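So the structure is just underneath, and the comments pick up after that.
Naming: A, B, ... by sequence-line order, numbering from 1 per chain. Not measured: the values here are computed from a predicted model.
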Amino acid sequence: MSESLPAAYEPGAIEAHIYQMWLDRNAFHAEATDAGEPYCIVIPPPNVTGALHLGHAIDNTLQDILIRVHRMRGCNAVWIPGIDHAGIATQAVVEKQLREQENLSRHEVGREGLVQRIWKWKEQYGERILHQLKRMGASCDWARLRFTLDEQCARAVRATFFKLFKDGLISRGKRLVNWDVFLQTSISDDEIYHENVKTSLWHIRYPIDGTSEFMTVATTRPETMLGDTAVAVHSEDARWNRYIGQQVRLPLTDRLIPIIADDILVDPKFGTGVVKVTPAHDFNDYAVYQRHLGKADEIALLNILRPDGHLNEAAGAVYAGQRRDHARKQIVIDLAALGLLIKEEPHEAEVGHSDRSKTPVEPYLSDQWFVRMAPLAEPALDVVRRESIRFFPERHAQQYLAWLGEKRDWPVSRQLWWGHRIPVWHHAAPSTESLEWLQLNPEFIAFNQNESGIFVCARDSDPLIEQRLVDWGYLQDPDVLDTWFSSALWPHSTLGWPEQTGALQKWYPTRVLVTGRDIITLWVARMVMTGLYNLGQIPFDHVCVHPTILDGKGERMSKSKGNGVDPLDIIETHGADALRFTMSHMATETQDVRLPVKKLPSGKNSSVRFDLGRNFCNKLWNAARFVFANLQSAPGELSEPGQWATADRWIVSRFNRTVADANTALATYRFDAYARACYDFFWRDLCDWYVEASKPALKDPARATQTADVLAAVLDGTLRLLHPIIPFITERLWSHLNQIRPTRGLPIDLACPPSELLIKANWPIAGPLDESTEQRFSQVQEIVGIIRNARNDYKIDPRKAITLSISGPAAMVDSLAADRQTIELLATCAVSDISSDLVPPPNAIRATAAGCEIYLMELIDPAAEKQRLAKRCEELRKTIHSLRGRLGNESYMSKAPPQLVQQTHDQLTEAEAEFQKLDGSNGG
RNA sequence: GGGCCGUUAGCUCAAUUGGCCAGAGCGCCUCCUUUACACGGAGGAUGUUACGGGUUCGAUUCCUGUACGGCCCACCA
């Protein structure tokens, strides 16, 4: 029945089996009607475009730890998984594939054809992501898997858009947007990266109308001059201000454009002091246009580009149809021919590029939908200021507040086909019949009218309503919504909103959002806004921001950089638990952690950083094997802790302390502190000391049963404590423990009810601490330490037992005698005498620890001993000098806390006592 | 250019509201294959806590300046 466990832990042999067992037992699933305090986490949905890397691994490991801890604490815990459709990124990938493999453009396959292909692609890559999550041990409630483009999310999107539309928070307008001419869509600021490009600065003369004079402008983009509608100067620039109100003749065109004053745009000390103004193709110039709008010096807006980046008719017959880069060359040639090009100097500029298509973006004037932010942002700022939502670490709230404080309108339309289509239909001249109908259904239909016609928003995706609109000649907006629009609804859309589902009522607000700091603004802030707007409630109480994983060169792991490491690679070399343990250990409060990665001959990646977790698992495996080998099948009779050995009481107290530390760490999302507390307890206390100390006890018939019971109990508790971090190995060992020892015979402080599965077991109880025992055992540790130290100094064969005697304070003699066996085993020695009044034997090595004198006998080399003692005396002399200095300092004595002064006093007394003894014997 | 954060052992990171000799893992050195574990055990070496100034009895911790690095925002015709 209880098969033997191999000497080395082999994660590959058990992980798949254990995960399947959890699935078979439905261990991840929760129902809203289940008992327990609700505890819900929604996963930050990974983009379907790519496989997960280690950045996702840390994010999901931490979430899984929280979910598993709270499940064990008896909460009704649910972790909702999902994937993001990642509009622009996904469409770009599939379009690229289409081009490369079939040489087709999206227009050739059509809207439906393309969307169909993307869905296919999504199935394939979505599966891969889910597979990765499962291999990592993620205990997601898979029955609740969501996709940001599925029907449930679509209902939430429609309902939200409708509400915004009805409340007048959706507006449509011409705006200058960042245009990707390759994908022919607008992209958001955050989808742009800047690249340093070597180009030229061209100086061009603009003839001032009615004079023989010129104004000289400098530009890096000469082709945009065809769209100039003004030149601007500073109002106080004596060189130029007399021309304000006059006109220049725009070269290569027959247009006259005004000379205007704009003191914001123009810095008179920079360049020539004259700036060309191209409001349709430059963000600053567009701002000029807006500033002058409605004033006497209002300027025109002239778009000279087609959506594909070619120049249009407005650019003039000569240039219309040319590509933007071709036009630039041609214009330079033409200007030179006219003698209007003064010079061309080398110039470096940061040019915005689309993250998706890697092509330069074009500021482009187009019709877009916007969400007005001000009314949404204010309450979202408020809940964080009031700390209804708390950030961990706190400092990250600043970024949130700063960004939201700007309240910049959110452009939500994207000229894409993959995404939630904007639920707005337009008609320039609607029939009265249709208008009457619209007014009949204010619950489902909202509309507003302006000079360009009527815009109708339909709440539900109802084919009958939509068909009716189409029949009346209304056209649906071809654009789709920004991906963030659907992810902004994630915490409530995944729970069923707008339906008042049981899940929504039970689990909303969710408890914590775990994420990296890069999407605090784009995502976290928007979730808070929509949560408050749609439900009047915050979406989560806490935001846990974990460090960003960097590679060995300090660069962020990302798919586009190609430096992402597949968690499956690490799982292959180290195991999932090792990956998770190391991730938890790395989750400190710093903003980044570096992870040097090495490429294996197989082409896969690995990193020695994960050895930490692997070694830890192996140690756990073997410590458990040791316990199993020493357990009788039934526990002994419960005895009173008062009858236990020091080591027994000590390890129980240490365990209780560790549980308390883990609880504290988890309450503030200090996953590193949780992992470190477990590591130190398990390795340092349990393995290094307790297991070693238990070995003679297990051979002693009088103590074997009690010791085995403590071992079983502490192993039981340790597995519970570690399960959330390293679920696979602990579940495996748990089942083995259950087989050979179904009941533990737990000492009272560790009593937790039994459980067949560890994943469903109770979280350990932080029982009482036994300070005096901890202190007493630490004296044993000190004494053992100093003996080992001396043995090493004297190069004594590790196998050779030495004889020693201990002279200590009368109060310690009895307790030391009780722990004699422990000292003898751990320091490989025989203790011949423990007493309060020993005379130092001749030729013995002397050492001091825990206020005791230790005499190591039968060791020669008095010269070496003398030298060693001299060294120690010197150390003590320094210590004493420093401590006396501190106590002699009046300010210190009067201002430092008395407790600290007392401590200093005690230290001095101790050091002086040791010095006196050593110096006395060494004095000869 | 504006804002935020960081700089601790060769590397990667800790250090509760300022207070024991600033710790751990890896790496390094010595020794040990002792029946849980060499993915192990015992011991050891390594720090002007980036640098300057200040506050304090006392500063890795608080203030300030400099250097370097990262992130966010805005980007200059």
Heavy-atom side-chain proximity of A/Val784 to A/Trp689 below 4.5 angstrom
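Yes; the side chains approach each other to less than 4.5 Å.
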Is the positively charged end of A/Lys619 above the ring of A/Tyr679, judged by distance under 6.0 angstrom from the centroid and angle within 45° of the axis?
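No.
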What's the closest nucleotide to the side chain of [X] if the choices are [options]?
{"X": "A/Asp688", "options": "B/rG25, B/rU12, B/rG41", "answer": "B/rG41"}
{"X": "A/Glu692", "options": "B/rC37, B/rA77, B/rA42", "answer": "B/rC37"}
{"X": "A/Arg684", "options": "B/rC39, B/rA24, B/rC75", "answer": "B/rA24"}
{"X": "A/Arg609", "options": "B/rA77, B/rU12, B/rC32", "answer": "B/rU12"}
{"X": "A/Arg886", "options": "B/rC21, B/rA14, B/rC37", "answer": "B/rC21"}
{"X": "A/Gln907", "options": "B/rG25, B/rA14, B/rC20", "answer": "B/rC20"}

Need one value for [X]: base, sugar-phosphate or nothing, where a base atom within 4.0 Å counts as base even if backbone is also close, heavy atoms only.
{"X": "A/Glu890", "value": "nothing"}
{"X": "A/Val593", "value": "sugar-phosphate"}
{"X": "A/Arg221", "value": "nothing"}

Measuring from atom CG of A/Asp611 to atom CG of A/Asn615, what distance do you get when rounded to the nearest 0.5 angstrom?
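CG of A/Asn615 is found 5.5 Å from CG of A/Asp611.
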Could you run down the sub-3.5 Å N/O contacts of the protein with nucleotides 2-10 of chain B?
from: B/rC5; atom 1: O2; to: A/Gln591; atom 2: NE2; distance (Å): 3.3

Looking at A/Glu345, I'd like to know if its CD atom is crowded, meaning that more than 12 non-hydrogen atoms belonging to other residues, nucleotides or ligands lie closer than 6.0 Å.
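Correct, the count exceeds 12.
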Count the heavy atoms of every other residue, nucleotide or ligand shown that sit under 6.0 Å from CD of A/Glu910, and state whether that count exceeds 12.
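Counting neighbours around CD of A/Glu910, 12 or fewer heavy atoms of other residues, nucleotides or ligands fall under 6.0 Å, so no.
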Need the pair for [N]. Rule: Watson-Crick or G-U wobble, both distances under 3.5 Å, any strand; none if unpaired.
{"N": "B/rC28", "answer": "B/rG44"}
{"N": "B/rG65", "answer": "B/rC51"}
{"N": "B/rC13", "answer": "B/rG23"}
{"N": "B/rG58", "answer": "none"}
{"N": "B/rC71", "answer": "B/rG3"}

When rounded to the nearest Å, what value does the distance between [atom1] atoms of [N] and [M] take?
{"N": "B/rU60", "M": "B/rC75", "atom1": "C1'", "value": "37 Å"}
{"N": "B/rA42", "M": "B/rA36", "atom1": "P", "value": "15 Å"}
{"N": "B/rC32", "M": "B/rA50", "atom1": "P", "value": "40 Å"}
{"N": "B/rC4", "M": "B/rC26", "atom1": "P", "value": "39 Å"}

Calculate the interatomic distance between A/His574 atom NE2 and B/rG25 atom C1'; express it in whole Å.
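Taking atom C1' of B/rG25 as the reference, NE2 of A/His574 is at 13 Å.
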How close or far is atom P of B/rC13 from atom CG of A/Asp680, stated in whole angstroms?
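So the two atoms are 19 Å apart, to the nearest Å.
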Counting only side-chain nitrogens and oxygens, does A/Lys800 get under 4.0 Å of the OP1 or OP2 atom of B/rC32?
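A/Lys800 to B/rC32 OP1/OP2: no side-chain N or O under 4.0 Å.
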